[in-house]
Student: 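Quick one: structure below, then a few questions.
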Number of protein chains: 2
Amino acid sequence: MKEVLPVFNSAVSIDCVLFGFDGGELKILLIERNEEPFKDWWALPGNLIGEDESVEQSASRILHELTGLSDIYMEQYYTFGEVNRHPQGRVITVAYYAMLRLGGDKALKPLTSYAKKAQWINVKELPKLGFDHQHIFDKGLEKIKRRIKHLPIAFELLPEKFTLTQVQNVYELILGKKLDKRNFRKKILSFGVLKELNEKQKGVSFRAATLYKFDRRKYAKLFGKEISF
Amino acid sequence: MKEVLPVFNSAVSIDCVLFGFDGGELKILLIERNEEPFKDWWALPGNLIGEDESVEQSASRILHELTGLSDIYMEQYYTFGEVNRHPQGRVITVAYYAMLRLGGDKALKPLTSYAKKAQWINVKELPKLGFDHQHIFDKGLEKIKRRIKHLPIAFELLPEKFTLTQVQNVYELILGKKLDKRNFRKKILSFGVLKELNEKQKGVSFRAATLYKFDRRKYAKLFGKEISF
DNA sequence: ATTACTTAGTGTAAAAAATACACACTATAT
DNA sequence: ATATAGTGTGTATTTTTTACACTAAGTAAT
């Protein structure tokens, strides 16, 4: 027999701030809604959780439905629970940020029906968002600004092989400020989690930079000693 | 007309890790449950949210019911959403840590019926807890270990007037390690958010220490420049 | 093949912050 | 007066952070 208590007292949803870096700009994936409320508005991708999935599984599922990809890096960062944040009733939403390597032109899979389309949009040029999604985004950006100083999340935005300049670009975009090239390289190499490859950047019309990759094994080994950028 | 969508899909609760410092030890307030499930077990104080209160209001209410006090310092830190974390059904819980000045022997208010009693228990000697509350506690402690390095939360645990040794005790208990006295004092005074009082500790049988208080105005002014302990 | 262009890659000195470390002072109790 | 227990203080060393500018390498255009 399935017990009946405790009684459901809310709808719970997930909203995702999915970041992508296309080589020049920091973007997030927004959807244009096809349903009330906020029909035709832009919004963060999100959905109600299923009754048989954990909050985390739900976030994974939503990202999968949106992109067709699994194993997208994501972390929960806050739960928004104002009574009237959803015009149709009580919805508490658990927010995740997520990060994706762009460029391999990942065609987005057909979207779930509540969205007309999805589009990568520069975080500096966000349209007006439905619900309290601007606020959710702001908190998410704030969160990764903090976390990028301690955690190697920048590499989740970069292709497997990347140049140090690309890493620096990601840091500068997230932190919103310029960094000194020499100091940045010194610091990021000093952690010993980047592996220099015997390979150069291709297809550029200037001196090709050395490629590196993030060494997850070494990072795991050093994990106790926390990274501080 | 009240719309009916979206439909409730979960129970949502709040759980609180309420920290207290009694001069020597770091404690949390646990309750002994009077109801199934986990009747007679120790657990974190918590409850279902009301349908007309925000998540934050709900946490405030729970702390108020438990202690009779308002304006307890608290912060949300994580939402636990495993499907089977509650044996009687789907309950997603939003966790808060909170901090309270002890010592002024705050008699705890009569508890809500689901608890037999509440008791302050040393974090180093926690009993077995019901649900996934040990895990929730562990994450909470981890969180404040991080946050105490950036935010002035130690002062929430201390009386209005305190000695530098008391501050150091709080830091040592939360961080779980000894700190150098001279370096600690140098550092904590360098932020300029403590105000030295013309007043000494009383009732001790040795040289009385100078009392200080936390200057919230100055802290607010310097807020951009983040504190780093 | 020369030149122009664009980004890659590198070192050092100065300043600031973190660390390690030990003893005299003072209030009380006996 | 003396024993006791916690208060309060300074300096030298090491480490980390910051500021700063030029040469090297590859491509493209002529």
Side-chain angles (χ1 to χ4, degrees), chain A residues 21-25 103 148-150 158-159 161-173 175-213 222 225-229, chain B residues 21-25 103 145-146 148-150 158-159 161-173 175-213 222 225-229:
Chain A
F21 172 69
D22 71 355
E25 287 168 350
I148 203 176
K149 294 186 180 171
H150 307 291
L158 290 165
K161 299 173 182 183
F162 48 79
T163 69
L164 295 183
T165 299
Q166 286 177 306
V167 183
Q168 187 173 345
N169 284 344
V170 169
Y171 272 82
E172 289 180 344
L173 285 167
L175 296 175
K177 63 179 183 192
K178 290 279 169 207
L179 302 171
D180 178 85
K181 182 158 72 158
R182 278 178 291 191
N183 293 338
F184 181 81
R185 292 160 97 99
K186 209 186 307 176
K187 178 126 217 172
I188 204 136
L189 290 173
S190 76
F191 297 122
V193 297
L194 294 189
K195 185 169 176 181
E196 184 172 347
L197 303 176
N198 280 328
E199 208 175 333
K200 301 267 170 186
Q201 207 177 16
K202 290 224 165 120
V204 288
S205 73
F206 46 78
R207 177 178 178 182
T210 301
L211 293 171
Y212 289 78
K213 67 178 202 182
L222 301 173
K225 174 216 178 197
E226 180 152 300
I227 280 181
S228 237
F229 292 96
Chain B
F21 172 67
D22 71 354
E25 288 168 349
K145 273 189 193 185
R146 277 176 179 277
I148 203 176
K149 294 186 179 171
H150 308 291
L158 290 165
K161 300 173 181 183
F162 49 78
T163 68
L164 294 183
T165 299
Q166 286 177 305
V167 182
Q168 187 173 343
N169 284 343
V170 169
Y171 273 81
E172 290 181 344
L173 284 166
L175 295 175
K177 65 179 182 191
K178 289 281 168 203
L179 302 170
D180 178 85
K181 182 157 73 158
R182 276 177 292 191
N183 293 338
F184 181 81
R185 292 160 98 99
K186 210 185 305 175
K187 177 126 217 173
I188 204 136
L189 290 174
S190 75
F191 298 121
V193 296
L194 294 190
K195 184 168 176 184
E196 184 174 346
L197 303 176
N198 281 327
E199 207 176 331
K200 301 268 169 183
Q201 206 178 17
K202 289 224 168 123
V204 289
S205 72
F206 46 78
R207 177 178 179 181
T210 301
L211 294 170
Y212 289 78
K213 67 179 203 182
L222 301 171
K225 174 217 178 196
E226 179 152 300
I227 280 183
S228 238
F229 290 95

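Below, chain A is the first sequence line, B the second, and so on; all start at residue 1.
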Student: Check whether any side-chain nitrogen or oxygen of B:Thr165 sits under 4.0 Å from OP1 or OP2 of D:dT7, and answer yes or no.
Tutor: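 For B:Thr165, the contact criterion (side-chain N or O under 4.0 Å from OP1 or OP2 of D:dT7) is met.
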Student: Grab the NZ-P distance between B:Lys187 and C:dA16 for me, whole Å please.
Tutor: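 Checked: the NZ to P distance equals 15 Å.
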Student: Without decimals, in angstroms, what is the distance between A:Phe191 CZ and D:dT16 C1'?
Tutor: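 It is 11 Å, rounded to the nearest whole Å.
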Student: Could you tell me the separation between the CZ atom of B:Arg185 and the P atom of D:dG6, rounded to a whole number of Å?
Tutor: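 Going from B:Arg185 (CZ) to D:dG6 (P), I get 13 Å.
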Student: With a 3.5 Å distance limit and no angle check, can you tell me whether B:Glu172 reaches the backbone of B:Leu179 through a side-chain donor-acceptor pair?
Tutor: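 Yes, the answer is positive, given that a donor and an acceptor are paired below the 3.5 Å cut-off.
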Student: Quick one: CZ on B:Phe162 to CG on B:Leu194, what's the gap to the nearest 0.5 Å?
Tutor: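 Answer rounded to 0.5 Å: 5.0 Å.
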Student: Measure from the side-chain heavy atoms of A:Ser205 and tell me the nearest of C:dT10, D:dT27, D:dA19.
Tutor: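 Of C:dT10, D:dT27, D:dA19, D:dT27 is nearest to the side chain of A:Ser205.
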Student: Relative to the 5' end of DNA chain C, which residue comes earlier, B:Asp180 or A:Gln201, by the nucleotide with the nearest heavy atom?
Tutor: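 Nearer the 5' end of the strand: A:Gln201.
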Student: Can you figure out which of D:dG10, C:dG9, D:dT17 approaches the side chain of A:Ala209 most closely?
Tutor: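 Nucleotide nearest to A:Ala209's side chain: C:dG9.
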Student: Could you give the CG-to-C1' distance, from B:Asn169 to D:dT7, as a whole number of Å?
Tutor: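 Spelled out: CG on B:Asn169 to C1' on D:dT7 is 13 Å.
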Student: Let me know the distance between NZ of A:Lys202 and P of D:dG26, rounded to the nearest Å.
Tutor: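 The answer, rounded to whole Å, is 13 Å.
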Student: Quickly work out the B:Leu189 CG to D:dG8 P distance and round it to whole Å.
Tutor: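 That distance rounds to 10 Å.
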Student: Are any non-hydrogen side-chain atoms of A:Gln201 and A:Phe206 less than 4.5 angstrom apart?
Tutor: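 Yes; the side chains approach each other to less than 4.5 Å.
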Student: Can you find an N or O donor on one side and an acceptor on the other, under 3.5 Å apart, linking the side chain of A:Arg207 with the base of C:dA8?
Tutor: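 It does, because a donor-acceptor pair links the side chain of A:Arg207 to the base of C:dA8 below 3.5 Å.
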Student: Ignoring hydrogens and angles, are the base of D:dG8 and the side chain of B:Lys181 linked by a donor-acceptor pair under 3.5 Å?
Tutor: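 Present.
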Student: Considering only side-chain heavy atoms of B:Arg182, which listed nucleotide, C:dA22, C:dA17, C:dT10, is closest?
Tutor: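 The nucleotide sitting nearest to the side chain is C:dA22.
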Student: Under the side chain to side chain contact (heavy atoms under 4.5 Å, CB included) test against B:Tyr212, which residue among B:Leu197, B:Thr163, B:Leu164 passes?
Tutor: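 Answer after filtering B:Leu197, B:Thr163, B:Leu164: B:Leu164.
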Student: Base of D:dT17, side chain of A:Lys186 - is there a donor-acceptor contact under 3.5 Å?
Tutor: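 In this structure, the two groups form no donor-acceptor pair.
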Student: Assign each of A:Thr163 and B:Lys200 to its nearest nucleotide of DNA chain C by heavy atoms, then name whichever residue's nucleotide is nearer the 5' end.
Tutor: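 Result: A:Thr163.
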Student: Which atom names give the shortest non-hydrogen contact between B:Lys145 and B:Lys149, and what distance separates them?
Tutor: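 Nearest pair, atom of B:Lys145 first, then B:Lys149: O-CG, 3.7 Å.
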Student: B:Asn183 side chain: which of C:dA20, D:dT9, C:dG9 is closest?
Tutor: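 Looking only at side-chain atoms, B:Asn183 lies closest to C:dA20.
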Student: Starting at atom CZ of A:Phe206, determine the distance to atom P of D:dA29, rounded to an integer number of angstrom.
Tutor: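 Distance check: A:Phe206 CZ to D:dA29 P gives 14 Å.
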Student: In whole Å, what is the span from the CZ atom of A:Phe184 to the P atom of C:dG11?
Tutor: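 About 19 Å, once rounded to whole Å.
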